[in-house]
J.: 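Below: one structure in C-alpha cells.
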Amino acid sequence: MTGVTASKLRLYFVMGSANCAGRDPMEVLSQAIDGGVTIFQYREKGRGALRGRDALALGERLRKLCLDRGVPFIVNDDLELALALDADGLHVGQEDMAAETAREKIGGKWLGVSVSSLDEAVRAVRAGADYLGAGPIFDTKTKEDAKPGTGPILIRQIREAGIGLPVVGIGGITAANAAQVMEAGADGVAVISAISQAASPAEAARELLRAVGRTGKQNHP
Ligand code: 3NM
C-alpha cells in the first residue's frame, strides 16, 4: 500500500468486536466492504474487548479480509499488533503513544492521529501524521471517555489554519449529518456505530457514501 490519499479516507470504518452488537465482526466488516467503505481501522477497545492472543487472532482474520478485498487496514493504538499484522498503518490518540514515537517506529506506514482541537492538530502535523481524525464532531456514546461534540467548526478551524493534510471527522456521524462534516472541509467521515450497529451494515455504508458524495466538494482533487 502506498501513501495515504484523501480519496481512501472518504468512508472510514472503525470497529472492534465490542461494537458489533453480538454479531460476528468478520460478517459486519464483510458487509461494510460490500457497501463501499474505503478504509478500515481495527479498534479492539471498550468493555468486553479481546486482549492478547484473542485480539491477534481476530485481527489476523480481519486483516486478511481487507487484503483480499483491497481495503487499507489500520490498527488503533497498538504498535505491536500493527507490526504483527503488517497493517498499512497505525492510528494513535492523544493518550496513546506519542505521535513522534509512533512515526519513528512505523517508518513508512500510515500514521493517523486523533485531535480534538486546533492546537492538537498543529502538533500532530509537526509530529509527522499522515492524516488527522478530528473529533468528536458530534456527541457520541461509543467512546467511553469522549468529550462533548465540537460541531463541524473543528474541521473548519483546521482548514482555516492552512493545514492541508487529509482530515476525517469522527464522533456521532450518521448519514443525516455527514454532509455538514464534508462541507466544513473534511476529506471523509469515520464512523463506528452508524455501520456496526446498523441492521444492514452494507446499506448503512451505501447511505453514508451517498451523504458524503452529495456535497460534491473535493477538498483534494
Ligand atoms: N474517537 P461513533 S469519537 C473512536 O473524537 C472515536 O477521537 C473519537 O464512534 C474521537 O461513530 C469515537 O459510534 C467514537 O460515534 C466514534
Side-chain angles (χ1 to χ4, degrees), residues 9-23 25 28-29 32 35 37-49 55 62 73-78 81-82 89-99 102 111-121 123-124 127 129-158 165-182 184 186-199 201 204-205 207-209 211-212:
L9 297 173
R10 212 156 169 80
L11 182 53
Y12 191 147
F13 182 39
V14 180
M15 185 203 79
S17 58
N19 305 125
C20 294
R23 291 179 293 190
V28 173
L29 178 57
V37 302
T38 55
I39 185 166
F40 173 66
Q41 180 187 123
Y42 180 39
R43 180 179 180 274
E44 195 56 31
K45 277 198 174 158
R47 207 152 22 107
L62 297 170
F73 179 89
I74 308 293
V75 168
N76 181 279
D77 184 16
D78 189 332
L81 187 60
L90 176 70
H91 188 98
V92 294
Q94 296 291 320
E95 273 91 49
D96 304 336
M97 171 184 283
L111 177 63
V113 179
S114 294
V115 301
S116 59
S117 67
L118 176 58
D119 183 52
E120 288 177 359
R123 281 189 276 125
D130 292 306
Y131 74 88
L132 306 177
I137 301 297
F138 304 107
D139 291 348
T140 177
K141 292 197 178 75
T142 308
K143 191 179 176 193
E144 278 157 16
D145 56 350
K147 301 173 185 167
T150 59
I153 184 83
L154 175 60
I155 310 264
R156 214 175 288 285
Q157 287 169 342
I158 289 171
L165 219 58
V167 178
V168 294
I170 185 163
I173 297 175
T174 65
N177 60 25
Q180 294 173 49
V181 183
M182 298 302 283
D187 296 286
V189 296
V191 305
I192 299 181
S193 56
I195 293 178
S196 72
Q197 306 271 319
E207 264 178 51
L208 277 156
L209 271 182
V212 163

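For ligands, and for the atoms within them, numbers begin at 1 and follow the listed sequence. These values consider heavy atoms only, across backbone and side chains, with no hydrogens, waters or symmetry-generated copies. The shown structure was predicted, so the numbers you read here are calculated from the model rather than taken from an experiment.
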J.: Under a 4.0 Å N-O cut-off, is there an ion pair linking Lys45 with Asp77?
T.: yes
J.: Does Asp119 have any side-chain hydrogen bond (donor to acceptor under 3.5 Å, both in side chains) partners at least two apart in sequence or in another chain, and if so, which?
T.: Arg123
J.: My understanding is that only residues two or more places apart in sequence, or in another chain, count here; which of them pass ring-ring contact (aromatic ring centres under 6.0 Å, His included) with Phe13?
T.: Phe40
J.: Quick one: do the Ser17 and Glu44 side chains pair a donor with an acceptor below 3.5 Å?
T.: yes
J.: Which heavy atom in Ala194 sits nearest to a heavy atom in Ala198, and how many Å separate them?
T.: O-CB, 3.6 Å
J.: Kindly write out the residues that satisfy side-chain hydrogen bond (donor to acceptor under 3.5 Å, both in side chains) with Gln157, not counting sequence neighbours, or none if the list is empty.
T.: none
J.: Show the short N or O contacts, below 3.5 Å, that ligand 1 makes with protein N or O atoms; if there are none, say 'none'.
T.:
| from | atom 1 | to | atom 2 | distance (Å) |
| --- | --- | --- | --- | --- |
| ligand 1 | 5 (O) | Gly135 | O | 3.3 |
| ligand 1 | 5 (O) | Pro136 | N | 2.8 |
| ligand 1 | 11 (O) | Ile192 | N | 2.9 |
| ligand 1 | 13 (O) | Thr142 | OG1 | 2.5 |
| ligand 1 | 13 (O) | Ser193 | N | 2.9 |
| ligand 1 | 13 (O) | Ser193 | OG | 2.5 |
| ligand 1 | 15 (O) | Thr140 | OG1 | 2.6 |
| ligand 1 | 15 (O) | Gly172 | N | 2.8 |

